[in-house]
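Hydrogens, waters and symmetry mates are skipped; everything else that's a heavy atom, side chains included, is used. Bear in mind that the values here come from a model prediction, so they are computed numbers and not experimental data.
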Amino acid sequence: DTIEIEPAMVQAAKIGFGPRVSRAFTDPRSQIVIEDAKTFFAINNKKYDLIVSEPSNPWVSGVASLFSKEFYHTINRHLNHDGLLVQWIQGYEINFKLVASILNALSTEFEDFAVYHTDNANLLIVAKPKGKLGGLSPNIFQDKQLAAEMNQVGIRSIEDLAVRKLGNKALLSPLMAIYAAPANSDYFPYVDLHASRSRFLQQN
């Protein structure tokens, strides 16, 4: 299932990314749903092994709620046992206290997570609701198509992935505490209230 609120984005992806996303449009198992993500989960009882969340930047109106305790609680209920959430966060036009607020929200619903650099401007979180995350597996390089894609961004070995890891929940939680950022919530929308200012000041 691919959930996208803006129909034009679906068409743009089909035209702009071509073969890289073709299976989303041609695989009979694939379903593209034009809907708000929170609404989709509210009206469906499906469970998944993997949920990837890549919303727009948090300063866009309404988007910060996809980085909230309540949304993470909903995601948790839709993951199978040993399922994972992968969450993108911009590393540009945002300050560390806002990132801390997001991670603190995530911590309320997920027992473990790891944060990775994707490049010099974005972060990727891998989170597990129950138990500890396992280690990185070199098996991903056995898929020739995937290996070729990763090679284009300089990932040629498991070490190239490992060096991008900033830390896990145990390591980063004390750092989050220093910033004393409240966990982002629909009822106390810290990120929504401060993200626009961070963007205006071009904080990174």
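A donor-acceptor pair under 3.5 Å links the side-chain atoms of N184 to the main chain of A64, judged by distance alone. The main-chain N or O of S107 is found under 3.5 Å from a side-chain atom of K169 such that the two form a donor-acceptor pair. Between the side chain of S101 and the backbone N or O of P182 there is at least one donor-acceptor pair closer than 3.5 Å. No donor-acceptor distance shorter than 3.5 angstrom exists from the side chain of T2 to the backbone of I32, with no hydrogens or angles considered. Side-chain atoms of T108 come within 3.5 Å of backbone N or O of A105 as a donor-acceptor pair. Formation of a donor-acceptor pair under 3.5 Å by the N139 side chain with backbone atoms of Q142 is not found in this model. Panel note: side chain D112, backbone L133; a donor-acceptor pair is recorded below 3.5 Å. Judged by distance alone, with hydrogens and angles left aside, the side-chain atoms of N104 form a donor-acceptor pair with the main-chain N or O of A100 at under 3.5 Å. Counting only distance, with no hydrogens or angles, the side chain of N151 and the backbone of R156 share no donor-acceptor pair below 3.5 Å. Judged by distance alone, the side chain of T74 and the main-chain N or O of E70 form a donor-acceptor pair under 3.5 Å.
Within 6.0 Å of CD in Q145 there are 12 or fewer heavy atoms belonging to other residues, nucleotides or ligands.
Remark: N120 pairs with no residue by the side chain to side chain contact (heavy atoms under 4.5 Å, CB included) rule, at least two apart or across chains. Checked against salt bridge (Lys or Arg N to Asp or Glu O under 4.0 Å), K97 has no partners two or more places apart in sequence or in another chain.
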*Begin with the C-alpha distance, continue with both residues' side-chain angles, and end with the deciding distance and a verdict on side-chain contact (heavy atoms from CB on, under 4.5 Å) for L103 and V115.*
CA-CA 10 Å; L103 292 180; V115 182; 4.3 Å; yes

*In sequence, state the C-alpha distance, the side-chain angles, and the governing distance for Q87 and F110, and then conclude on side-chain contact (heavy atoms from CB on, under 4.5 Å).*
CA-CA 12 Å; Q87 168 84 69; F110 289 78; over 6 Å; no

*Determine, stepwise, if the pair L123 / L166 fulfils side-chain contact (heavy atoms from CB on, under 4.5 Å).*
CA-CA 9 Å; L123 302 172; L166 291 173; 3.7 Å; yes

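Taking both residues in full, the closest heavy atoms of Y92 and N57 are given as OH-ND2, 3.2 Å, listed atom of the first, atom of the second, then distance. In this structure, L136 and Y116 approach most closely via the heavy-atom pair CD2-OH, 3.5 Å. Between D186 and S68, the shortest heavy-atom distance links the atoms OD1-OG, 3.2 Å. The two residues L85 and S53 make their nearest non-hydrogen contact at CD1-CB, 4.2 Å.
In this structure, F41 and Y48 have perpendicular ring planes: the angle between them is above 60°, well past the 30° mark.
Connection of I51 to Y72 is established within a shared hydrophobic cluster, with ILVMFWY side chains joined at heavy-atom distances below 4.5 Å, either directly or through further cluster members. L171 and L161 fall into different hydrophobic clusters, where Ile, Leu, Val, Met, Phe, Trp and Tyr side chains are chained together by heavy-atom contacts under 4.5 Å. Taken together through direct or relayed side-chain contacts under 4.5 Å among Ile, Leu, Val, Met, Phe, Trp and Tyr, I3 and F17 form parts of separate hydrophobic clusters. Cluster annotation: W88 is connected to V86 through the hydrophobic network of ILVMFWY side chains, with a link wherever side-chain heavy atoms come within less than 4.5 Å. Cluster annotation: F71 and V60 are assigned to the same hydrophobic cluster (Ile/Leu/Val/Met/Phe/Trp/Tyr, side-chain heavy-atom contacts under 4.5 Å, transitive).
Under the 4.5 Å side-chain criterion, counting only non-hydrogen atoms from C-beta, H81 is not in contact with K130. Residues L106 and F67 are not in side-chain contact: their nearest non-hydrogen atoms beyond the backbone lie 4.5 Å or more apart. The shortest side-chain heavy-atom distance between I155 and R164 falls under the 4.5 Å cut-off. Annotation: side chain of K128 is in contact with side chain of D82 (closest heavy-atom distance under 4.5 Å).
Interatomic distance, CG of L98 versus CZ of R197, reported as 10.0 Å (0.5 Å rounding). One finds the CD1 atom of I89 at 3.5 Å from the CD1 atom of I125 (value rounded to the nearest 0.5 Å).
A salt bridge does not link K38 to D36: none of the charged side-chain nitrogens sits closer than 4.0 Å to a carboxylate oxygen.
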